[in-house]
2 protein chains.
Amino acid sequence: MKRKSVTSRDVAKLAGVSQSAVSRTFSPNAKVSERTRKKVMDASRELGYRPNTIARSLITRSSRTIAVVTYSLQNPFYSSMLEQASRFFQQQGYHLLLFFAPSSGDFDAVLDDIIRSQVEGVLMLALTMNEQQAHLVADFGIPMVIINRTVNDSGISQVSSDNFQGGYWAGRYLTSLGHRRIAYLAGLPDSSTEKQRRSGFLEGLASMQASCHAVDVGNYRYEDACQATRRLFADSHPPDALFAANDLMAIAAMEILRHEYCMKIPEDVSIIGFDDVPMASWPSHSLTTLQQPVDTMVMRATELLLEQIAQPGTPPEHITLPVTPILRNSTRRQSDPRR
Amino acid sequence: MKRKSVTSRDVAKLAGVSQSAVSRTFSPNAKVSERTRKKVMDASRELGYRPNTIARSLITRSSRTIAVVTYSLQNPFYSSMLEQASRFFQQQGYHLLLFFAPSSGDFDAVLDDIIRSQVEGVLMLALTMNEQQAHLVADFGIPMVIINRTVNDSGISQVSSDNFQGGYWAGRYLTSLGHRRIAYLAGLPDSSTEKQRRSGFLEGLASMQASCHAVDVGNYRYEDACQATRRLFADSHPPDALFAANDLMAIAAMEILRHEYCMKIPEDVSIIGFDDVPMASWPSHSLTTLQQPVDTMVMRATELLLEQIAQPGTPPEHITLPVTPILRNSTRRQSDPRR
DNA sequence: ATGAAAGCGCTAACAC
DNA sequence: GTGTTAGCGCTTTCAT
């Protein structure tokens, strides 16, 4: 059954036309007579011919391929972004090359690989990188947009939500509920989202004459967040409120507090997350959180990328979308407002 | 900043060597003198040269690209498989082309697209397709392995776990706990996993002289499973046990039962899931389930694919891996064993 | 509208 | 070891 690479030449021979006629038949805006087209199609069907995308790419110098590089799919927030972006590009007739940033090791090698692969654009999904790395790709004239991370002052397009504002709100809100020992569960230390959410949070607290009671790091991951929570609450003066830099960690904290520390949420401790992943709205968690506009973020990012591909001169944009506090049942006013 | 396509020719000219010397320098098993290599590397660096993967693919007729096609990433079970498989292939020096099966519409068009893209292999991730579709790709001599789905009697490699056995165990176990009104929460009706888990379940029940009390469909999705659960338990004789065809639906059911029907789990109803996603072990859910050996499945599938790529003659394999019951706290012996 | 011819950027014989 | 040569399968002028 295995047909081995039928070429347009083979089809041409069988159809009794020139090879370029075959090419034209398979080109979107061809100028081929119905008669020729039919002959070609018949022959193609008979031989099981499929145009070779690689050869086409080589000559047209357009691969119609986009690289998406991401860090992990553990967090439903990322996998959902990936799925949405992928479906969008696929719908637009693009192929999608998927890369994972190696957990340990050579990210530059991946970037190099991407450049060699002749993609027309790169979507960086929640990827932390330095300016040099960011420029490496851009300097090759490959349009790139970073989503859910920012890189300082570079000429690179980025779409993210207002992490600072989200943190700020969390800080003020928890304070306003009367909490006095408010802790912070941090994400990946080097990531821009972490830095922004944290500084927003601290400033939010400060704006209410409050300060942060304790900090520990959960690296945006469930398991790490469990450990961090245990450390935070093993103290003789445990927190009475917690802001976690993402929902996954917030939920991890709830699990630990409820089932290992026999604490009630929100009675004993208020918790706020960040993202608003679907899970956050499940009754068991009912997590108060800061909703990121995923759909909009993906849409803006993908459109931006496509635009830059279509018009290479397009200046980079930095888009910051607002976050929305979603009030659920993981937070409540402190019963003993002793302050 | 934008350098526009520096070719090996440009490098050759600058380095004062032949174009093939440049090619050799960038080929893994080159035969180039150190002197030439250095000249080439220097020139390359100066011009920012990167070999064009597309041109290389065209002439070597190997794209070193694998297509992974999947249905959705909503379920963490799939996204985790995707991540593992991707990382593996990436590590092996392959590129990964990601395709999503359109929810409504032309799957054949996607298959066609895959064939045109000259991938060296295809990994079908939890994809339901008919035999004709399965053969379409295979007939082009493109190795393919299906993971977590089976296609009847085809000459196509597939790796899955023993869904029937899992269902069978669930049926017998729930019966052995003394439950008398055991319901089934079904997955995607046409999927092989659904059929196998269901028939295993029914036979398991039958082997204990029991039968299924009610069935509803959750399509393997959270939201749909919520609806189905509401329907199942709105009855005047609601189930006292539930087997859900995957964890996501099992958890959905728990959420609805606990928070909308004020039922206790496992006191009022026992629940069993399927997959053992990370979430299933979280204390809030503590779901009894059938663990699929994800790591092994992915490893076997990826190795199988690579093997078939390396040795085109390799006969297809059908690998079925055992599932493992994981006993947690969503099931318990019926307190009133009236039978 | 159609065919002939010239490459796209690279690898792989093949001589030297 | 190095250069020369001939393509990989296709698109795209350019004549006709």
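Residue numbers begin at 1 in each chain, while the letters A, B, ... track the order of the sequences.
At C/dT11, one or more side-chain N or O atoms of B/Ser23 fall inside 4.0 Å of OP1 or OP2 (strictly under the cut-off). Between A/Ser8 and D/dC10, a side-chain N or O to OP1/OP2 separation shorter than 4.0 Å is present. Phosphate proximity of D/dG9 to A/Thr7: absent, as no side-chain N or O sits under 4.0 Å from OP1 or OP2. The side chain of A/Arg56 contributes an N or O atom lying less than 4.0 Å from OP1 or OP2 of D/dT11.
A donor and an acceptor atom, one from each side chain of A/Gln308 and A/Ser157, are located under 3.5 Å apart. Side-chain contact of A/Thr128 with A/Tyr71: a donor-acceptor pair under 3.5 Å is absent, judged by distance alone. Counting only N and O atoms by type, the side chains of A/Ser79 and B/Tyr78 include no donor and acceptor under 3.5 Å apart. Neither side chain, B/Glu307 nor B/Thr314, offers a donor N or O lying under 3.5 Å from an acceptor on the other.
Separation of the A/His95 and A/Phe89 ring centroids does not fall under the 6.0 Å cut-off. The six-membered or imidazole ring of A/Tyr49 lies near that of A/Phe26, with a centre-to-centre distance under 6.0 Å.
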Test log, rule side chain to side chain contact (heavy atoms under 4.5 Å, CB included), inputs A/Leu98 and B/Leu82: CA-CA 10 Å; A/Leu98 180 62; B/Leu82 172 63; 4.3 Å; yes

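Which of D/dG9, C/dC10, D/dG3 sits closest to the side chain of B/Ala21 comes down to D/dG3. Here D/dC10 is the nucleotide among C/dT2, D/dC10, C/dG9 with the atom lying nearest to any side-chain atom of A/Ala55. Of the candidates D/dT4, C/dG3, C/dT11, the closest approach to any side-chain atom of A/Ser20 belongs to C/dG3. Nearest to the side chain of B/Ser33, among D/dC10, C/dT11, D/dG1, sits D/dG1.
If you take CZ of A/Arg9 and C1' of C/dA4, they are 11 Å apart, rounded to a whole angstrom. A/Phe26 has its CZ atom 16 Å from the P atom of D/dT12, to the nearest Å. Counting to the nearest Å, the P atom of C/dC10 and the NZ atom of B/Lys13 are 13 Å from each other. Taking atom CD of residue B/Gln19 and atom P of nucleotide C/dG9, one finds them 11 Å apart after rounding to whole Å. Atom pair B/Lys31:NZ and D/dT2:P shows a separation of 10 Å (rounding to whole Å applied). Separating the CZ atom of B/Arg61 from the P atom of D/dC10 is a distance of 11 Å, rounded to the nearest angstrom. In this structure, the CD1 atom of A/Ile54 is 16 Å from the C1' atom of D/dT11, given to the nearest Å. If you take CG of A/Asn52 and P of D/dG9, they are 7 Å apart, rounded to a whole angstrom.
The 5' end of DNA chain D is approached more closely, in terms of each residue's nearest nucleotide, by B/Arg37 than by the other of B/Leu58 and B/Arg37. If B/Ile59 and B/Val32 are placed on DNA chain D by their nearest nucleotide, the residue sitting closer to the 5' end is B/Val32.
Using a 4.0 Å heavy-atom cutoff across all strands shown, A/Val22 reaches no nucleic acid atom at all. Using a 4.0 Å heavy-atom cutoff across all strands shown, B/Ser57 reaches no nucleic acid atom at all. Counting non-hydrogen atoms under 4.0 angstrom, B/Thr60 reaches the backbone sugars and phosphates but no base.
At distances below 3.5 Å, not a single donor-acceptor pair connects side-chain atoms of A/Ser23 with backbone N or O atoms of A/Ala21.
Residues of residues 109-122 of chain B having a heavy atom closer than 4.0 Å to DNA chain C: none are found.
Residue-to-nucleotide contacts include a donor-acceptor pair under 3.5 Å from the side chain of B/Arg24 to the base of D/dG3. Within 3.5 Å, no donor on the side chain of B/Thr36 pairs with an acceptor on the base of D/dT2, nor the reverse.
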